[in-house]
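Notes for the one structure printed next.
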2 protein chains.
Amino acid sequence: MATISEIAKRAGVGTTTVSRYLNHHPYISAEKKAKIEAAIKALDYTPSAIATQLRHQTTNNIGVLVSRITNPFFTALFDALERQLHNYGYQVMVMQTYDDEHSERAFLNQIKNKQMDGLILASVENATSVLQVAQEFPKRIVLLNENIADPNIRAIVLNHYQATLDGLNYLYAKGCRRIAYATGGDFSQKGHGQERNNAYRDFLAQQHLPENPDWIFQQQHTIADGQQLARQLQALPKDRRPDAIFTNSDEIAMGLIGALMKAGIRVPADMAVMGYDDQPMAAYLEVPLTTIHQPIEEMAQAAVYQLLTCLGQTLTDPKPDLTLKLVPRSSA
Amino acid sequence: MATISEIAKRAGVGTTTVSRYLNHHPYISAEKKAKIEAAIKALDYTPSAIATQLRHQTTNNIGVLVSRITNPFFTALFDALERQLHNYGYQVMVMQTYDDEHSERAFLNQIKNKQMDGLILASVENATSVLQVAQEFPKRIVLLNENIADPNIRAIVLNHYQATLDGLNYLYAKGCRRIAYATGGDFSQKGHGQERNNAYRDFLAQQHLPENPDWIFQQQHTIADGQQLARQLQALPKDRRPDAIFTNSDEIAMGLIGALMKAGIRVPADMAVMGYDDQPMAAYLEVPLTTIHQPIEEMAQAAVYQLLTCLGQTLTDPKPDLTLKLVPRSSA
DNA sequence: GAGCGATGTGGAATCGATTTCATAAATACA
DNA sequence: TGTATTTATGAAATCGATTCCACATCGCTC
């Protein structure tokens with residue numbers, strides 16, 4: 001309610017001196033300091049963050065963009081980001097795109113209107129949108145676990161190609177030869193998850209296995225998708241069913257396994273299922289998931305370090321280990 | 001980068017006119033409108049949100065406070081809040097307290113420094129802190145699923161007393177007479193979860209069952225807590241073990257059941273376990289959880305409606321149904 | 001006792017928008 | 001034709017902080 005000039009007036013000093021007091025500048029007489037303190041207490045004064053932001057041209061807000069926070073992988077990632085950014089004195093603003101390009105675009109614009117000092121994008125809907133904004137503000141944007149091949153864009157990238165290959169080879173080593181594949185996006189050359197898709201393609205080629213369109217499932221995300229996926233697999237004639245499926249998230253695997261078991265298809269005996277992410281619940285399911293572990297805390301560390309150093313802070317580089325590791329449990 | 005006066009200069013008009021254009025005021029000649037549009041495009045101008053905020057004294061930011069976003073109940077709640085607030089044009093700022101009073105206090109202060117127009121508190125660490133701030137800004141704060149009995153504080157309250165009673169009676173009807181209880185906070189008269197605690201106490205009294213301190217577990221939150229809890233139960237001599245346990249979250253139940261099964265204690269045959277929240281994964285566990293369903297979407301609706309109407313928006317009241325319902329599955 | 005650096009202070013400009021107020025032309029109305 | 005009313009516009013004040021600049025005082029040195 002009260003403003004700095006009211007404090008100044010009440011304390012009988014200039015606003016400059018009050019501002020100095022607030023910002024712990026030296027060269028204030030003890031006498032005035034006391035008066036200012038009294039005035040601040042009397043009027044229950046808190047400086048307006050907005051005015052400071054306008055003057056400083058920074059907000060101390062960082063935006064984090066994810067597709068769906070209820071995806072436990074993003075939940076954990078967001079948690080790690082929030083904790084670390086908070087530690088450095090930043091407020092975190094969240095945005096879920098729900099796979100909508102327009103929402104993404106709108107959120108990106110908030111970097112232009114100075115609402116946020118920086119942005120961490122943990123999922124990317126429309127690469128050209130992002131590219132455009134990132135071109136303009138290369139120092140304010142960091143991609144996390146998404147890759148747009150462009151020298152202007154900073155990105156924390158993990159080797160999902162290798163991890164996917166590892167997972168598929170693991171299934172192969174277990175004797176599986178009819179390996180299906182479920183991806184979150186399209187199974188095209190470009191876009192979201194292409195590295196994993198390429199790994200699947202290359203794996204099939206390396207092992208001289210045919211690529212079967214009936215065994216490639218696209219736009220799979222949720223538990224419900226996994227359940228639906230189980231129905232699709234059931235619908236296939238027995239001799240044309242896969243004996244394993246590599247999914248792109250533990251959520252799909254979770255829904256899938258539940259529905260398969262209910263339908264009398266045993267996991268992994270009849271069908272091995274490989275998850276992705278190693279979400280916290282992965283170990284507690286009816287069939288504990290064999291899955292690919294993503295080093296979430298380290299990923300967040302890397303992204304925060306990148307962003308904040310670009311924003312001018314000097315931090316010690318945590319040099320986190322960003323390798324993806326296969327975690328063998330029971331589902332494959 | 002560019003400012004409104006640069007646009008004005010380039011378009012050969014006053015800043016007033018540019019502002020009018022930006023805010024879709026009437027009474028602008030087509031000629032000047034075109035010039036302004038051209039200038040905006042040429043300079044790639046986006047109005048500074050901060051300047052607008054300073055002038056308007058509102059930010060269009062709403063803060064949401066939870067204890068831990070990785071608690072799936074809070075994840076779902078936050079998701080619902082974010083979607084709805086976003087729909088009304090608000091940005092959402094998150095804060096996790098991690099059960100720390102100081103963080104909570106710091107976050108509450110952001111309402112004083114005008115960083116946020118309103119606050120939704122989905123968990124409360126220190127009631128007096130909240131009370132103090134809420135007294136000053138009664139219209140800007142809504143409690144969600146937390147109750148501080150004070151006429152100045154708006155709160156969305158559910159009947160957890162009745163739901164807990166329902167759950168306990170369900171166990172009783174199943175033949176359980178040795179019912180343990182795990183709470184997230186203290187088992188004292190005051191504070192977090194007291195209604196549920198009271199229900200447990202009253203239930204025991206009503207059924208003439210003794211209150212056994214060995215069967216009351218406090219500060220239980222996570223999966224790990226549940227696992228630890230299983231060890232404590234195991235450690236009890238068989239004849240002094242409970243035959244059921246009412247937990248205060250699905251997470252505890254999840255960790256507990258997993259560890260019990262591993263130790264050869266069958267659920268629900270040897271020990272019935274009741275969850276709380278009905279988190280999405282509750283149906284997919286090795287032993288699907290019998291639990292209390294919290295109507296998350298409706299709770300978010302109610303909180304958002306309360307807050308935004310207090311902030312001066314006129315919305316149609318969704319009048320959501322906020323009853324808690326027991327969902328019988330297999331764990332009890 | 002003139003000159004210099006350290007200490008202490010406040011008026012006014014600034015950040016970038018919105019809004020008040022004053023003003024004027026065009027149009028409607030009687 | 002004279003008076004309202006509508007349409008159209010911009011200079012300047014405003015929001016609440018920070019900071020530049022100008023200035024004053026004190027103690028110290030040469």
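Naming convention: chains lettered A, B, ... in sequence-line order (proteins, then strands); numbering from 1 in each chain.
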Report yes if the side chains of [X] and [Y] come closer than 4.5 Å at any heavy-atom pair, otherwise no.
{"X": "Q91(B)", "Y": "L85(B)", "answer": "no"}
{"X": "Y88(A)", "Y": "I62(A)", "answer": "no"}
{"X": "E297(A)", "Y": "R83(A)", "answer": "yes"}

_Quick one, K319(B) with E298(B), criterion salt bridge (charged side-chain N to carboxylate O under 4.0 Å, His left out). Give me CA distance, side-chain angles, the key distance, then yes/no._
CA-CA 9 Å; K319(B) 295 226 187 297; E298(B) 289 80 3; over 6 Å; no
Side chains of [X] and [Y]: donor-acceptor distance under 3.5 Å anywhere?
{"X": "H160(A)", "Y": "N145(A)", "answer": "yes"}
{"X": "R68(B)", "Y": "Q96(B)", "answer": "no"}
{"X": "Q313(B)", "Y": "Y305(B)", "answer": "no"}
{"X": "N60(B)", "Y": "Q53(B)", "answer": "no"}
{"X": "Q115(A)", "Y": "N61(A)", "answer": "no"}

Answer yes or no: is there a donor N or O on one side and an acceptor on the other, between the side chain of [X] and the main chain of [Y], under 3.5 Å?
{"X": "N109(B)", "Y": "K112(B)", "result": "no"}
{"X": "S123(A)", "Y": "S67(A)", "result": "yes"}
{"X": "D117(B)", "Y": "T59(B)", "result": "yes"}
{"X": "S19(A)", "Y": "T15(A)", "result": "no"}

*Which heavy atom in Y90(B) sits nearest to a heavy atom in L308(B), and how many Å separate them?*
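Between these two residues, the closest heavy atoms are CE1-CD2, 3.5 Å.
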*Which atom pair, heavy atoms only, marks the closest approach of K139(A) to L307(A)?*
O-CD1, 4.0 Å
*So which of residues 20-38 of chain B are in contact with DNA chain C, with a heavy-atom cut-off of under 4.0 Å?*
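Only N23(B) qualify.
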*Within residues 48-60 of chain A, find the residues that approach DNA chain C with a heavy atom at under 4.0 Å, and present them sorted by residue number.*
L54(A), R55(A), Q57(A)
*With a 4.0 Å cut-off on heavy atoms, is T3(A) in touch with a base, just the backbone sugar-phosphate, or nothing at all?*
sugar-phosphate
*Checking side-chain contact (heavy atoms from CB on, under 4.5 Å) for the pair I120(A)/L65(A): CA distance, chi angles, key distance, verdict?*
CA-CA 6 Å; I120(A) 294 176; L65(A) 187 140; over 6 Å; no
Pull out every protein N or O sitting under 3.5 Å from an N or O of nucleotides 23-25 of chain C, one pair per line with the distance.
none

_Taking Watson-Crick (N1-N3 plus N6-O4 or O6-N4) and G-U wobble (N1-O2, O6-N3), each under 3.5 Å, can you produce the dot-bracket string of DNA chain D? Use [ ] for crossing pairs and | for inter-strand ones._
||||||||||||||||||||||||||||||
*Would you jot down, in residue-number order, the residues of residues 9-18 of chain B having a non-hydrogen atom under 4.0 Å from DNA chain D?*
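Residues of residues 9-18 of chain B under 4.0 Å from DNA chain D: G12(B), V13(B), G14(B), T15(B), T16(B), T17(B).
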_Residues I40(A), L22(A); criterion side-chain contact (heavy atoms from CB on, under 4.5 Å); working and verdict_ = CA-CA 10 Å; I40(A) 287 179; L22(A) 293 171; 4.0 Å; yes
*Please list, in 5' to 3' order, the outermost nucleotides of DNA chain D lying under 4.0 Å from any heavy atom of chain A.*
dG16(D) to dC20(D)
